[in-house]
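Beneath this line is the structure, given in structure tokens, with notes to follow.
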Amino acid sequence: MKPVYGLLDINNCFVSCERAFNPSLENVPVLVLSANDGCAIARSSEVKALGIKMGDPHFKIARLCEDNAVRVLSSNFALYCGMSMRLMAEIQELVPAAEQYSVDEVFIDLTGMPGDLGEYCRGIRKAIRRNLGLPNCVGTGPTKTLAKLANQLAKKSKAADSVVDLAGHPEWVEKALERTSVGDVWGIGAASAAKLSKVGVLTALDLSRLDDRTVSRLLGVSGVRTAGELRGVPFYEVETQPEPRQSCMVSRSFGNPTGDFEMIREAVIVHATAAAEKLRGESLVAGALTVFCETPRFRKDLLQKNVSAIARLMPPTSDTLRIVKAAVSALKAAWEPGPWLYGKAGVLMADLCLASNVSGDLFMQPEKKPTPLMDAMDRLNSRFARGTVTLGTTSKTSSWRPRADNLSADWISDWSQIPVAVAKPPQS
DNA sequence: TCTGGGGTCCTAGGACCC
DNA sequence: TCTGGGGTCCTAGGACCC
């Protein structure tokens, strides 16, 4: 049976999550900034119309936002991740097989679905809209790459009514490829698009017609796969059982760059604690970690310095106490004081594997599960709110803490911040 | 003054081995 | 002048994704 792939994604995801809980944001320009209120990462259609681009630094567009009464929000990842989990739960009720591809995108397997595929997809998107309050689009195709391309067209075209069904309409594919710039194809970034344009390949259709030898020479094996997928030959499948990840990073830019070791030590402890929590949440353990500190990379006028050091964790662990201890000693090893000021620090957990898969030997007893202390910490933090129980004392106001000047409430992850709905009796 | 955070895969080149 | 030919493994860097 011929495989059929679908891709559903949330329109302007972070903006839509904010709007779902705050109706005053409907029909006005809304912009969500990255961590540290650094740059634009989600834009409502009104903000896109102002010419504000993805990744534009806030300080360069602040005036434009002010002049146009743009509602500028800090990013609230607790909210977006919570909504993303609800999205997955909803989709799994609606379709037999789904793969979460990113925080706002889900691939679905529509192979063998009877009836009109387009109508079926409209039903899915309406259910998501109704149950979560999140506007979304769906594209289908004989490959993931074509489903993704169809989804982009569904977003652009008003006539499509948020669904483009290329799988059910093979006769539309050529037109769809022709209308898509090669740089907008999933897997073709700026560097590849530039190489392709030199040989006259400007659209997805051009790429699909290029011979494999040329594609391979220009883009390597990944390019050959992408070109094949554009021709309708599936290479990627819907992965319903994702492989456990190989690495896990927690890092943040500082609100204010600093050269103070104690300040950075505190940041590293907070990040290492978060990283350990993430590992336990996925039943993983790490065999090594890297701690790094960087100076602000865009400030070419300032002295640049990147330092890092690795610590081995034997036996592999997810224990906050051991991970924090290792991270602090790695930081000491990496530390280079100087006239420069560090602007960012982070912890990268590596050599990950499932805790249940670690085997011991004569000299090493593996850690098969978190200690009762870790277990208790996780349960308290998940039941009440993130950060209810932490290691040692850290200040919520330290100058390394990232800026977040316009943060919305933790509407769905903190009991004390749940919005109150008031039902008024009908007017007589 | 001011530019995010977190991932994956591929490739080239060096180290090392026989 | 002129010094083999393959393997494997590891790492760093690039490219891509959201």
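None of these values were measured; they are calculated from a predicted model. Below, chain A is the first sequence line, B the second, and so on; all start at residue 1.
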For a quick check of understanding: with a heavy-atom distance under 4.0 Å over all strands, which category does A:D56 fall into, base, sugar-phosphate or nothing? nothing
Rounded to whole Å, how long is the line connecting atom CD of A:E99 with atom P of B:dT8? 13 Å
Could you check whether A:K148 gets within reach of a base, just the sugar-phosphate, or nothing at all, counting any heavy atom under 4.0 Å? sugar-phosphate
Using a 4.0 Å heavy-atom cut-off across all strands, classify A:K344 as base, sugar-phosphate, or nothing. sugar-phosphate
Between B:dG4 atom P and A:I61 atom CD1, what is the distance in whole Å? 13 Å
Between atom CZ in A:F292 and atom P in C:dA12, what is the gap in whole Å? 15 Å
Phosphate OP1/OP2 of B:dC9 contacted by A:Q246 side-chain N/O (<4.0 Å): yes
Here's a test of your reading of the structure: between A:C248 and A:A35, which maps to the more 5' nucleotide of DNA chain B? A:A35
For the side chain of A:P57, counting heavy atoms from C-beta on, which of B:dT3, C:dC18, B:dG4 is nearest? B:dT3
Quick one: label A:C13 by what it contacts on the DNA or RNA (base, sugar-phosphate, nothing), any heavy atom closer than 4.0 Å. nothing
Quick one: label A:A62 by what it contacts on the DNA or RNA (base, sugar-phosphate, nothing), any heavy atom closer than 4.0 Å. nothing
Around atom CD of A:E93, are there more than 12 heavy atoms from other residues, nucleotides or ligands closer than 6.0 Å? no
Could A:E229 and A:K144 be called an ion pair, given the rule that one side-chain N must be under 4.0 Å from one carboxylate O? no
Closest nucleotide among C:dC18, B:dG4, B:dG6 to the A:S251 side chain: B:dG6
Could you check how far CG of A:D351 sits from P of C:dC10, rounded to whole Å? 10 Å
Please give the nucleotide sitting opposite B:dC18 as a Watson-Crick or G-U wobble pair, both distances under 3.5 Å, or none. C:dG5
With a 6.0 Å cut-off (strictly less than), is the heavy-atom count around NZ of A:K332, excluding the residue itself, greater than 12? no
Of the nucleotides B:dG5, B:dG7, B:dT3, which one has an atom closest to the side chain of A:R245? B:dG7
With a 4.5 Å heavy-atom cut-off, do A:R71 and A:E18 have their side chains touching? no
For C:dC18 versus B:dT3, give the span between their P atoms, rounded off to a whole number of Å. 25 Å
Can a side chain N or O of A:R225 be found less than 4.0 Å away from OP1 or OP2 on B:dC10? yes
Do the ring centers of A:Y236 and A:Y5 come within less than 6.0 Å of each other? no
Report the residue (A:P244 or A:C39) whose heavy-atom-nearest nucleotide on DNA chain B is the more 5′ of the two. A:C39
Given atom CG of A:L352 and atom P of B:dG6, what is their separation to the nearest angstrom? 14 Å
Between B:dT3, C:dC18, C:dC16, spot the one nearest the side chain of A:F59, thanks. B:dT3
The side chain of A:V221 is closest to which nucleotide in this list: B:dT11, B:dT3, B:dC9? B:dT11
A:S222 vs C:dA15: side-chain N/O to OP1/OP2 distance below 4.0 Å: no
How is A:K278 classified with respect to the nucleic acid when contacts are heavy atoms under 4.0 Å: base, sugar-phosphate, or nothing? sugar-phosphate
Residue A:R252, side-chain heavy atoms: nucleotide from B:dG5, C:dC18, B:dG7 that is nearest: B:dG5
Treating A:R403 as the side-chain partner and A:D37 as the backbone partner, does any N or O pair qualify as donor plus acceptor under 3.5 Å? no
Touch class at under 4.0 angstrom, heavy-atom based, for A:I188 against every strand present: sugar-phosphate
Categorize A:F77 for me: base, sugar-phosphate, or nothing, with a 4.0 angstrom heavy-atom threshold over every strand shown. nothing
Please report, rounded to the nearest Å, how far the C1' atom of C:dG14 is from the NZ atom of A:K195. 9 Å
Assign A:S192 to base, sugar-phosphate, or nothing according to its heavy-atom contacts below 4.0 angstrom with the strands shown. sugar-phosphate
Rounded to the nearest Å, what distance is computed from the CZ atom of residue A:F298 to the P atom of nucleotide B:dT3? 8 Å
Of all the choices, B:dG4, C:dC18, C:dA15, which nucleotide is nearest to the side chain of A:S253 once you look at every atom? B:dG4
For A:K48, does the NZ atom have more than 12 heavy-atom neighbours from other residues, nucleotides or ligands under 6.0 Å away? yes
Rounding to an integer number of Å, can you tell me how far A:E243 CD sits from B:dC9 P? 9 Å
Using a 4.0 Å heavy-atom cut-off across all strands, classify A:V32 as base, sugar-phosphate, or nothing. nothing
Does a side-chain N or O of A:S34 approach OP1 or OP2 of B:dT3 to a distance below 4.0 Å, or not? no
